[in-house]
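A quick note: this is a predicted structure, and the numbers were derived from the prediction, not measured. Sequential numbering from 1 along the given sequence is applied to the chain's residues.
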Amino acid sequence: AIGDQLTCVFVDTGLLRKDEAKQVTTLFREHYNIPLIHVDASKEFLGALAGQSDPETKRKTIGRVFIEIFDREANKIEGAEFLAQGTLYPDVIESVSSSSGKAHVIKSHHNVGGLPDYMQLKLVEPLRELFKDEVRELGRELGLPEVFVGRHPFPGPGLAIRIPGEVTRERCDVLRKADAIYLEEIRNAGLYDAIWQAFAVLLPVKTVGVMGDGRTYDNVCALRAVTSTDGMTADIYPFDAQFLSRVATRIINEVKGINRVVYDYTSKPPGTIEWE
């Protein structure tokens, strides 16, 4: 709609999935020819998260650092007046308590609630009142490729909310490997488009295991997959036992640091889709 007046700022938090930064930069620079500023801010985010384990504190820390870095980059762009964000309606509902006081804030989304006073940009949120299925319809109407439109949702705080407890670079690397195997097996089975969202979670729990003749004492990995239309409610995806067994075996054999895999059977409600 605004053509070459758009500059995209991609803040790489260090909390993305395997090879995701490369995929994003390739998509924008080679396929769409849209000006893209790629900022590797992984050290800043992981530094700010050191010692933090409370879910809301982690979300708010990531939101604060994200805005600081974005503001720093935006100030380098001459004549920038507006900040466009892809805020969706479920983010708004979960972040804002009702006026009656009966509905609680479920979890904070750093793209909800406006911008800090020190930022000079005006906020534009064209998708704020749409659900994800409506956004996908819009994307198809605009002619975006299906591989882009059909991508599973990914939270702003990234892997930080899929690592309950403290987030470290090492734990992110372990989770990235497990998650990549899981999604690869889902694609190989032809199930990716039948699932709303699928991901691995690295738990702050260690269990005893056996590898060959040796004893292990390593982390537990949980797998999550749900079906939904709007993200407000969700049902678990009913994988067959053979599929889950295959994924678990691959993760344990290929990812150093994990020796047990479990599957999350919780619908939404009572659970949220993400773990934090």
Side-chain angles (χ1 to χ4, degrees), residues 15-18 20 55-56 58-59 86-95 103-112 127 130-140 146-164 175-205 220-248 250-251 258 260-276:
L15 305 167
L16 301 176
R17 290 168 288 196
K18 189 169 181 252
E20 192 155 25
E56 273 293 284
K58 288 197 294 188
R59 281 176 171 271
T87 307
L88 303 187
Y89 197 44
D91 298 346
V92 178
I93 294 169
E94 288 187 336
S95 290
H104 292 206
V105 173
I106 307 298
K107 52 193 179 184
S108 297
H109 293 266
H110 69 257
N111 56 336
V112 176
L127 312 176
L130 299 181
F131 288 101
K132 187 76 174 181
D133 56 322
E134 295 171 320
V135 175
R136 286 189 168 131
E137 263 184 69
L138 180 62
R140 292 184 184 105
E146 193 59 37
V147 67
F148 196 43
V149 173
R151 267 167 62 106
H152 287 184
F154 188 65
L159 301 183
I161 55 173
R162 296 175 180 177
I163 301 175
L175 179 55
R176 259 189 277 273
K177 289 172 189 166
D179 191 69
I181 290 168
Y182 183 33
L183 290 176
E184 183 186 325
E185 288 292 339
I186 285 172
R187 287 186 188 280
N188 290 346
L191 299 174
Y192 188 85
D193 291 337
I195 294 168
W196 169 267
Q197 202 170 355
F199 55 89
V201 179
L202 187 65
L203 303 186
V205 175
V220 180
C221 172
L223 303 178
R224 181 91 162 124
V226 296
T227 58
S228 182
T229 54
D230 55 17
M232 294 304 298
T233 60
D235 292 315
I236 60 107
Y237 187 81
F239 288 120
D240 60 45
Q242 195 175 15
F243 174 87
L244 289 172
S245 177
R246 184 166 67 248
V247 174
R250 272 198 67 191
I251 289 174
I258 294 174
R260 193 176 298 264
V261 176
V262 297
Y263 187 58
D264 180 355
Y265 269 91
T266 316
S267 61
K268 176 185 180 178
T272 52
I273 294 175
E274 296 289 343
W275 274 46
E276 287 193 339

Student: What is the distance from atom CZ of R187 to atom CD1 of I195, rounded to the nearest 0.5 Å?
Tutor: 10.5 Å

Student: On a heavy-atom basis, which atom in R250 and which in E184 lie closest, and how many Å separate them?
Tutor: NH1-OE2, 3.4 Å

Student: Could you tell me the separation between the CZ atom of R246 and the CD atom of E185, rounded to the nearest 0.5 Å?
Tutor: 5.0 Å

Student: Could you measure the distance from the CG atom of D235 to the OG atom of S267? Nearest 0.5 Å is fine.
Tutor: 6.0 Å

Student: I need the N188 CG to L183 CG distance, nearest 0.5 Å.
Tutor: 11.0 Å

Student: Which heavy atom in I161 sits nearest to a heavy atom in E274, and how many Å separate them?
Tutor: CD1-CG, 4.0 Å

Student: Roughly how far, to the nearest 0.5 Å, is CZ of F131 from OG1 of T229?
Tutor: 8.5 Å

Student: Closest approach of A189 and F243, non-hydrogen atoms and distance?
Tutor: CB-CE1, 4.1 Å

Student: Quick one, R224 and R162 - any side-chain contact, counting heavy atoms below 4.5 Å?
Tutor: no

Student: Relative to each other, are the rings of F239 and Y263 parallel, tilted or perpendicular (30° and 60° limits)?
Tutor: perpendicular

Student: Hey, could you give me the CG/CZ distance between L159 and F154, rounded to the nearest 0.5 Å?
Tutor: 4.5 Å

Student: Would you say the side chain of D264 lies within less than 4.5 Å of the side chain of V201, judging by non-hydrogen atoms?
Tutor: no

Student: Just by distance, do the side chain of R176 and the backbone of K18 share a donor-acceptor pair under 3.5 Å?
Tutor: no

Student: Of all heavy-atom pairs between L15 and P157, which one has the smallest distance, and what is that distance?
Tutor: CD1-O, 3.5 Å

Student: Start with the C-alpha distance between I258 and L202, add both sets of side-chain angles, then the distance that settles side-chain contact (heavy atoms from CB on, under 4.5 Å), and finish with yes or no.
Tutor: CA-CA 9 Å; I258 294 174; L202 187 65; 4.1 Å; yes

Student: At their closest point, which heavy atom of Y182 faces which heavy atom of A225, and how far apart are they?
Tutor: OH-CB, 3.3 Å

Student: Would one find more than 12 heavy atoms of other residues, nucleotides or ligands at under 6.0 Å from atom OH of Y192?
Tutor: yes

Student: Hey, does V226 have a side-chain heavy atom less than 4.5 Å from the side chain of K268?
Tutor: no

Student: Is the shortest heavy-atom distance from the side chain of I251 to the side chain of L223 under 4.5 Å?
Tutor: yes

Student: Measure the shortest side-chain to side-chain distance between T266 and W275 over non-hydrogen atoms and say whether it is less than 4.5 angstrom.
Tutor: no

Student: Can you find a pair of side-chain heavy atoms, one from K132 and one from W196, that are under 4.5 Å apart?
Tutor: yes

Student: Does the side chain of F199 reach to within under 4.5 Å of the side chain of R17, using non-hydrogen atoms?
Tutor: no

Student: Might you work through the salt bridge (Lys or Arg N to Asp or Glu O under 4.0 Å) test for E20 and R151, ending with a clear yes or no?
Tutor: CA-CA 12 Å; E20 192 155 25; R151 267 167 62 106; 3.0 Å; yes

Student: What closest approach, in Å, do T233 and P269 show between heavy atoms, and which atom pair accounts for it?
Tutor: CG2-CD, 4.2 Å

Student: Would you say V247 and I186 make side-chain contact, with heavy atoms under 4.5 Å?
Tutor: no

Student: Any side-chain to backbone donor/acceptor pair from Q197 onto P153? Under 3.5 Å, distance only.
Tutor: yes

